[in-house]
Amino acid sequence: MPADASLFDTLTARGFVHLVSNSDGLRAALARPLTFYVGFDPTAPSLHSGHLIPLALAAHLTRAGHRAVLLAGGGTGLIGDPTDRAETRSLQSRAQVQANTQAIRRQVSRLVAQNELDVALVDNADWLTELRYLEFLRSVGRHFSVNELLATETYRARLASGQGLNFVEINYRLLQAYDFLHLYRERGCRLQIGGSDQWANILAGVHLVRRIEGAEAFGLVTPLLTTATGEKMGKTAGGAALWLDAALTSPYDFFQYWVNVEDGAVPQALALLTTLPMAEVRALSSRRGADRRQAKQRLAAEVTALVHGAEAAAAALESSHALFGAGGGSAAAAPLTTLAASELAAGVPILDLLQTAGLAASRSAARRLVVQGGAYVNNRRVDDPGAVVDARDFHDGELLLRSGKKRFHRVRADGA
RNA sequence: GGGUCGGUGGGUGAGUGGUUAAAACCACCAGACUGUAAAUCUGGCGCCUUUACGGCUACGUAGGUUCGAAUCCUACCCGGCCCA
């Protein structure tokens, strides 16, 4: 598909454009294939929901014929981005950063392959670790005013709150700006995209490219996904982050997260996270009342497919229907714990079972759950904390455990 | 390096020798109402057990004073600010 000038308008219509350094300039630049980049810092071994929008935008751009460079921050990760952090982030060990960087590279490669995108993967450690301090100060440092740096929200908030600001943290922005310069030189990269929190960092890169190369580079940031009350989205039921790694957040849980988002978040999520045509997004968004759940299921199916593949998404959908719907279908994608037949023979106290299944963090928590009437075995409430589960509770070798209304867990009897 | 203030539970933040497992708020869990939504109301929210006004652990770390310490003392670690 050839790049075209209307791409910018399409992206705007979908809501991707929160801020742009020069909208007319970028609109014109997008008329021809252009190289852009987006960076991910290795603060964890997996990307999370916050990365979805920039990834989706990268996919749109790539499909329109632009070249993507996905950057893993193996170098900047050694410093740590202070943006939106109330206090100084303790430095991660080199080993930790390396491990996370590797994990993220693998994950990104998989995402890219799964969605058949043609992108380049780079790691800024490859050039940042070789920087020479004096040289860096003379060539890059002199283009930045400390007054201006301190005036930006990130740093100003820190100073105002009296939380202090480490020298290392001030340097983060310069390193990210240097990344942009480096990619401009090495790959002709002219656009950096990111979440809205990255605005100042991205502009610093635009500034540096202009100062040193006398060329115009562009910056574009996307909005953050928020709830109706303006809170950042992306926390799972347990309060944990919504990871894109299936080992950290299973496709089923990932799917359920989207089914459970609040009504007000659906239109934005459909437009930003799925590739559905806008006409369909609008149609789904117009569903009201209970019908809105169908829009959420569609959203969940689409996003899960992008992240975990069509097959995993289909399995998650089927399991969701099986557990919440009028029955039928397989709950195979739902979380599962296997019990040895020997354990089961003696009977397993319900409190232990809830804890083993991860539906309760401790036996105390499991006891509270039962006492408060939130524990179910095979959809029948258990109100005796001393209850014991045995083989008779298993049907076809399986038992369905539930906490509250919507957290399910399957227990399978092994060797029975 | 000197001075000074401070480090409390997932978060913010009270508490300055004795019903303090630690106020309040947020987050979170469960119940009710619902649409696997939101809002609202109710209960809960360190761990363990034979569930008891029981036991254990906890207020940066390690010691000490005391019948008794998050609260006092000492050393150390970490952070803010001021001076250098």
Side-chain angles (χ1 to χ4, degrees), chain A residues 82 84-91 155 157-169 225-242 252-270 284-301 304 316-327 329 331 333-335 349-352 354-355 357-376 379 381-387 400-409:
Chain A
D84 288 345
R85 303 277 303 186
E87 40 192 84
T88 302
R89 193 195 280 271
S90 52
L91 291 179
Y155 299 128
R158 267 308 179 75
L159 292 175
S161 72
Q163 263 301 321
L165 186 60
N166 198 285
F167 182 65
V168 171
E169 300 180 89
L225 267 190
T226 55
T227 64
T229 49
E231 291 163 74
K232 270 196 208 178
M233 285 180 63
K235 293 298 178 191
T236 58
L242 187 69
Y252 169 80
D253 287 329
F254 187 85
F255 181 94
Q256 282 299 309
Y257 173 84
W258 297 105
V259 170
N260 282 301
V261 297
E262 60 177 72
D263 289 2
V266 174
Q268 191 196 16
L270 281 169
L284 286 167
S285 298
S286 68
R287 301 287 187 88
R288 289 289 178 270
D291 278 352
R292 180 147 278 216
R293 199 172 59 241
Q294 287 162 16
K296 293 181 190 180
Q297 283 169 341
R298 189 64 196 280
L299 167 69
T304 305
L317 174 66
E318 185 179 350
S319 296
S320 184
H321 278 316
L323 293 171
F324 291 95
I350 184 69
L351 299 186
D352 290 330
L354 287 167
Q355 188 181 1
L359 292 180
S362 65
R363 294 194 82 229
S364 295
R367 180 181 297 276
R368 284 192 293 268
L369 182 65
V370 171
V371 169
Q372 293 185 127
Y376 296 79
N379 288 321
R381 180 177 282 181
V382 177
D383 44 23
D384 174 16
L400 186 62
L401 209 53
R402 189 174 110 211
S403 163
K405 296 189 189 72
K406 45 193 188 192
R407 291 172 65 206
F408 288 93
H409 198 97

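Each chain gets a letter, A, B and so on, in the order its sequence line appears, and its residues count up from 1.
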Next item on the list: Measure from the side-chain heavy atoms of A:Glu262 and tell me the nearest of B:A38, B:C29, B:U36.
Entry: B:A38
Margin query: If you only use heavy atoms from C-beta on, which nucleotide in B:G35, B:G31, B:C47 is closest to the side chain of A:Ser364?
Written below: B:C47
Notebook entry, point to check: Which whole-number value in Å describes the distance from A:Lys405 NZ to B:A32 C1'?
Noted result: 8 Å
Margin query: Given B:U36, B:A37, B:A32, identify the nucleotide with an atom nearest to the side chain of A:Arg381.
Written below: B:A32
Margin query: Can you check the distance between B:G55 and B:U49, where both ends of the measurement are the C1' atom (answer in whole Å)?
Written below: 8 Å
Margin query: Side chain of A:Leu369 only, heavy atoms from C-beta on: which candidate in B:G35, B:A30, B:U36 is closest?
Written below: B:A30
Item checked: Distance, C1' atom - from B:A32 to B:A22, rounded to whole angstrom -> 31 Å
Margin query: Does A:Gln372 contact B:G43 through a side-chain donor or acceptor facing the base, at a distance under 3.5 Å?
Written below: yes
Note to self: Under 4.0 Å, counting only non-hydrogen atoms across every strand here, what does A:Gly373 touch: a base, just sugar-phosphate, or nothing?
What the structure shows: sugar-phosphate
Check: Nearest nucleotide by nearest heavy atom, which residue falls closer to the 5' end of RNA chain B, A:Leu165 or A:Ala375?
Finding: A:Ala375
Notebook entry, point to check: For A:Lys296 and B:U34, what is the distance between atoms NZ and C1' respectively, to the nearest whole Å?
Noted result: 12 Å
Margin query: Check whether A:Lys296 reaches the backbone of A:Val266 with its side chain - one donor and one acceptor, N or O, closer than 3.5 Å.
Written below: no
Check: Please give, in whole Å, the distance from B:A37 C1' to A:Gln297 CD?
Finding: 12 Å
Margin query: With a 3.5 Å distance limit and no angle check, can you tell me whether A:Arg381 reaches the backbone of A:Gly373 through a side-chain donor-acceptor pair?
Written below: yes
Checklist line | Pairwise P distance, B:A69 and B:G18 [rounded to whole Å] | finding: 11 Å
Checklist line | Spacing of the P atoms in B:C73 and B:G80 (rounded, Å) | finding: 24 Å
Notebook entry, point to check: Expressed as a whole number of Å, how far does the C1' atom of B:C45 sit from that of B:C25?
Noted result: 14 Å
Check: Using the P atom in both, what is the distance from B:A24 to B:U34, to the nearest Å?
Finding: 31 Å
Note to self: Rounding to an integer number of Å, can you tell me how far A:Gln355 CD sits from B:C29 P?
What the structure shows: 18 Å
Item checked: Identity of whatever pairs with B:U4 - Watson-Crick or G-U, under 3.5 angstrom -> B:G80
Notebook entry, point to check: Rounded to whole angstrom units, what separation is found between the NE2 atom of A:His321 and the C1' atom of B:U36?
Noted result: 12 Å
Next item on the list: Would you mind reading off the distance between A:Arg368 atom CZ and B:C45 atom P, rounded to a whole angstrom?
Entry: 6 Å
Next item on the list: Rounded to the nearest 0.5 Å, what's the gap from CG on A:Asn260 to CZ on A:Phe255? Could you check?
Entry: 10.0 Å
Margin query: Tell me whether A:Arg292 contacts the main-chain N or O of A:Asp263 through its side chain, where contact means a donor paired with an acceptor under 3.5 Å.
Written below: yes
Next item on the list: Determine the Euclidean distance between corresponding C1' atoms of B:U61 and B:G7; express it in Å to zero decimal places.
Entry: 11 Å
Next item on the list: Assign A:Val261 to base, sugar-phosphate, or nothing according to its heavy-atom contacts below 4.0 angstrom with the strands shown.
Entry: sugar-phosphate
Notebook entry, point to check: Taking CZ from A:Arg298 and C1' from B:A37, how many angstroms apart are they, rounded to a whole number?
Noted result: 20 Å
Item checked: Rounded distance in Å between the P positions of B:G11 and B:C5 -> 26 Å
Note to self: Under a 3.5 Å distance rule, please check whether A:Arg402 uses its side chain to pair with a backbone N or O of A:Gly404 as donor and acceptor.
What the structure shows: yes
Next item on the list: Could you go through the side-chain contact (heavy atoms from CB on, under 4.5 Å) check for A:Phe408 and A:Asn379 one step at a time?
Entry: CA-CA 10 Å; A:Phe408 288 93; A:Asn379 288 321; 4.1 Å; yes
Next item on the list: Report yes if some heavy atom in the side chain of A:Trp258 is under 4.5 Å from a heavy atom in the side chain of A:Leu242; otherwise report no.
Entry: yes
Next item on the list: Using Watson-Crick or G-U wobble geometry with both distances below 3.5 Å, tell me the partner of B:C72, or none.
Entry: B:G64
Margin query: Between P on B:A38 and CZ on A:Arg288, what's the gap in Å once rounded to a whole number?
Written below: 16 Å
Note to self: I want to verify a distance call: between B:U36, B:A37, B:C47, whose nearest atom is closest to the A:Ser362 side chain?
What the structure shows: B:C47
Next item on the list: Return yes if the base of B:G35 and the side-chain atoms of A:Asp263 contain a donor-acceptor N/O pair under 3.5 Å, otherwise no.
Entry: yes
Check: What nucleotide, of B:G31, B:A38, B:C29, holds the atom closest to the side chain of A:Ser403?
Finding: B:C29
